[in-house]
Amino acid sequence: MPGCFKKMLFALASLISFVSFILIVVAMGTPKWMTGKILCKTGADLVNATDPELVKFIGEIYYGLFRGGKIRQCGLGGRRSKFTIFPHMVKKLNTGLHVMIIMFLCVAIFFSLVSFGFCILNAIKVPYRSINGPAGACLWNFLAGGFVVLAVTSFMAAVKLHHLTEGIANFRENVFRFVILEERFEDCFWICVASATAHAVNLLLIAISGIHFPKIKTKTEEVNVTAEDIMY
């Protein structure tokens, strides 16, 4: 049986792994990974809008991995619309990269659950096989965190290098053209970053659990037994 300190560390690590699993699932299902401001360039050019008038042509956009929405401002008031990434919009975007982001997160979800199970196992007993022990728990946490990092990095590349926001904003816009004025990574993106950080914390906890702290020994007074003591 593992010691109390080791039990506590692995119990905490299992809780963190489960929280990471929940965070990834919530992030994938929420349509606010990115928000931004979009300028209706065509409308602004038609009326030669100056700085004070540009407000009438600045709308908003938000999206996640599967859906989003935008407010179009082209001089006639705001018009709200919602959209889904699959199945139509993804054909106009970088399909391979977008699918990879989703696949990375799905694999991270799987490894988060595996690391949760391994941490529970190590909190209950000392596994017979070393791969089922702290080494295995480290491996699964490393893989889970690594795939989350890959997903986050790929999403940043899609936004910054492949102009994901601009592509979404101009989807099926035959008359007006929109340019991006501002982009902000929102809570769901940072939730994934927190998930990767959680697995890094788990690696630290598992490393601490392998440290053998010296036991404090108390000195016992030596009792000198003489022949006279035995007689009495």
Atom pair [atom1]/[atom2] of [X] and [Y] - distance to nearest 0.5 Å:
| X | Y | atom1 | atom2 | value |
| --- | --- | --- | --- | --- |
| Met89 | Thr95 | CE | OG1 | 12.0 Å |
| Thr165 | Glu183 | OG1 | CD | 3.5 Å |
| Ile38 | Ile180 | CD1 | CD1 | 6.5 Å |
| Phe116 | Ser14 | CZ | OG | 5.5 Å |
| Ile101 | Cys106 | CD1 | SG | 12.0 Å |
| Cys192 | Phe104 | SG | CZ | 13.0 Å |

Output side-chain donor-acceptor pairs under 3.5 Å for residues 19-30, partner residues at least two apart or in another chain, one line each.
| unit_1 | atom_1 | unit_2 | atom_2 | d |
| --- | --- | --- | --- | --- |
| Ser20 | OG | Ser195 | OG | 2.6 |
| Ser20 | OG | His199 | NE2 | 2.8 |
| Thr30 | OG1 | Val26 | O | 2.6 |

So does [X] have more than 12 non-hydrogen atoms from other groups sitting under 6.0 Å from [atom1]?
| X | atom1 | result |
| --- | --- | --- |
| Met8 | CE | yes |
| Phe171 | CZ | yes |
| Phe110 | CZ | no |
| Phe176 | CZ | yes |
| Arg79 | CZ | no |
| Asp45 | CG | yes |

Any [X] side-chain heavy atom under 4.5 Å of [Y] side chain:
| X | Y | answer |
| --- | --- | --- |
| Thr84 | Phe66 | no |
| Glu186 | Met34 | no |
| Leu121 | Phe10 | no |
| Phe118 | Cys138 | no |
| Cys119 | Trp140 | no |
| Leu65 | Ile85 | no |
| Ile61 | Phe178 | no |
| Arg67 | Lys82 | no |

Honestly curious: do [X] and [Y] fall in one hydrophobic cluster under the side-chain, below-4.5 Å linking rule?
| X | Y | result |
| --- | --- | --- |
| Leu150 | Leu143 | yes |
| Ile102 | Ile191 | no |
| Ile71 | Tyr63 | no |
| Leu46 | Val55 | no |
| Leu15 | Leu113 | no |

Minimum heavy-atom separation for [X] to [Y], with atom names?
| X | Y | answer |
| --- | --- | --- |
| Phe83 | Tyr62 | CZ-O, 3.7 Å |
| Ser112 | Ser115 | O-OG, 2.8 Å |
| Leu93 | Gly167 | CD2-C, 4.1 Å |

Tell me, please, which residues at least two apart from [X] pass side-chain contact (heavy atoms from CB on, under 4.5 Å).
| X | result |
| --- | --- |
| Arg177 | Lys41, Thr42, Glu166, Asn170, Val179 |
| Leu97 | Asn94, Ser154, Ala158, His162 |
| Val149 | Thr153, Ala196 |
| Val107 | Phe111, Phe147 |

Inset, instruction - Report the C-alpha distance between Asn141 and Ile16 in whole Å, list the side-chain angles of each, state the deciding distance to 0.1 Å, and finish with yes or no for side chain to side chain contact (heavy atoms under 4.5 Å, CB included). - result: CA-CA 10 Å; Asn141 274 283; Ile16 292 174; over 6 Å; no

Legend entry - Listed once per pair and sorted, the side chain to side chain donor-acceptor pair (under 3.5 Å) pairs that draw on residues 99-111, sequence neighbours left out: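 Not a single pair qualifies under side chain to side chain donor-acceptor pair (under 3.5 Å).
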
Inset, instruction - State whether the side chain of Lys70 and the backbone N or O of Ala169 hold a donor-acceptor pair below 3.5 Å, judged by distance alone. - result: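 At least one qualifying donor-acceptor pair exists.
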
